[in-house]
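As structure tokens, the structure follows; a few thoughts come after it.
Values reported hereafter were calculated over all heavy atoms of this structure, with side chains retained and with hydrogens, waters and symmetry mates removed. Atoms within a ligand are numbered from 1 in the order they appear, just like the ligands themselves. If you're wondering where the values come from, they're calculated on a predicted model, not measured in any experiment.
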Amino acid sequence: FCKSVSVHFMLQFKPSYCRNLLCEMECHEHAWPFLLPVNTKQFPQYKKVIKSPMDLSTIKRKLHENSYKCKEEFASDVRLMFSNCEVFNEDDSPVGRAGHHMRGYFEQRWPQLT
Ligand SMILES: Cc1ncccc1N[C@@H](C)c1cnc2ccsc2c1
């Protein structure tokens, strides 16, 4: 999925940028639904409906384990987390609204390549 080596070299993956942005998201007022994996005992339906759960603590672990080969892989996990939220939660619900807030916050700070 990552760019070819040459282009990739230019757009060097800046883990520090991602770490900082992740930190800002974790302390965001509306981050509370996304801090930890959704508890499937609390939400038994979740496992059935959401095939690829994702949350900020998992993204943080993957970043520290160098699981992300390029910044787009990092961004796609963040976007996966928000699309899971939209699938499972009504827009007009506390978690749904928090998801829209947090997605806006992320997209504003994510460098647009195009
Ligand atoms: C992001 C998400 N999507 C679907 C379901 C849950 C969640 N978040 C959990 C943390 C959550 C979200 N809301 C509440 C309300 C009481 S416990 C609790 C836990």
Side-chain angles (χ1 to χ4, degrees):
F1 180 77
C2 294
K3 306 246 172 305
S4 66
V5 173
S6 57
V7 175
H8 188 56
F9 177 77
M10 258 99 79
L11 306 169
Q12 190 60 40
F13 179 28
K14 295 274 180 292
S16 55
Y17 183 84
C18 298
R19 264 201 301 279
N20 296 342
L21 180 48
L22 194 60
C23 226
E24 284 173 14
M25 291 172 73
E26 285 176 320
C27 60
H28 191 289
E29 161 191 11
H30 297 292
W32 59 271
F34 310 103
L35 296 175
L36 293 171
V38 175
N39 182 329
T40 47
K41 289 185 191 47
Q42 216 173 353
F43 298 89
Q45 266 291 81
Y46 198 79
K47 254 175 120 67
K48 283 220 50 62
V49 173
I50 300 298
K51 299 305 171 200
S52 314
M54 188 49 63
D55 71 286
L56 293 172
S57 73
T58 302
I59 294 171
K60 189 174 202 169
R61 177 178 55 71
K62 288 176 74 172
L63 197 56
H64 282 248
E65 291 170 350
N66 290 318
S67 301
Y68 297 123
K69 293 310 155 215
C70 58
K71 61 185 194 314
E72 286 72 16
E73 285 186 4
F74 168 83
S76 69
D77 265 358
V78 173
R79 290 175 176 138
L80 168 64
M81 177 178 74
F82 292 135
S83 39
N84 288 344
C85 183
E86 288 207 45
V87 165
F88 197 86
N89 302 281
E90 294 294 325
D91 287 340
D92 188 20
S93 70
V95 178
R97 270 192 298 278
H100 288 298
H101 267 285
M102 290 305 295
R103 188 165 40 72
Y105 184 79
F106 171 76
E107 295 297 351
Q108 247 181 354
R109 279 157 188 72
W110 187 249
Q112 283 312 325
L113 278 185
T114 47

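A salt bridge links D92 to R97: at least one charged side-chain nitrogen sits closer than 4.0 Å to a carboxylate oxygen. Using a cutoff of 4.0 Å between basic side-chain nitrogens and carboxylate oxygens, E107 and R103 are not scored as salt-bridged.
Judged by distance alone, the side chain of T58 and the main-chain N or O of M54 form no donor-acceptor pair under 3.5 Å.
Contact residues for ligand 1 (protein heavy atom closer than 4.0 angstrom to any ligand atom): W32, P33, F34, V38, Q42, F43, Y46, F88, N89, V95.
Through chains of ILVMFWY side-chain contacts below 4.5 Å, V95 is grouped with W32.
Rounding to the nearest 0.5 Å gives a distance of 12.0 Å between CG of L35 and NE2 of H28. If you take CZ on F74 and CZ on R19, they are separated by 10.5 Å, rounding to the nearest 0.5 Å.
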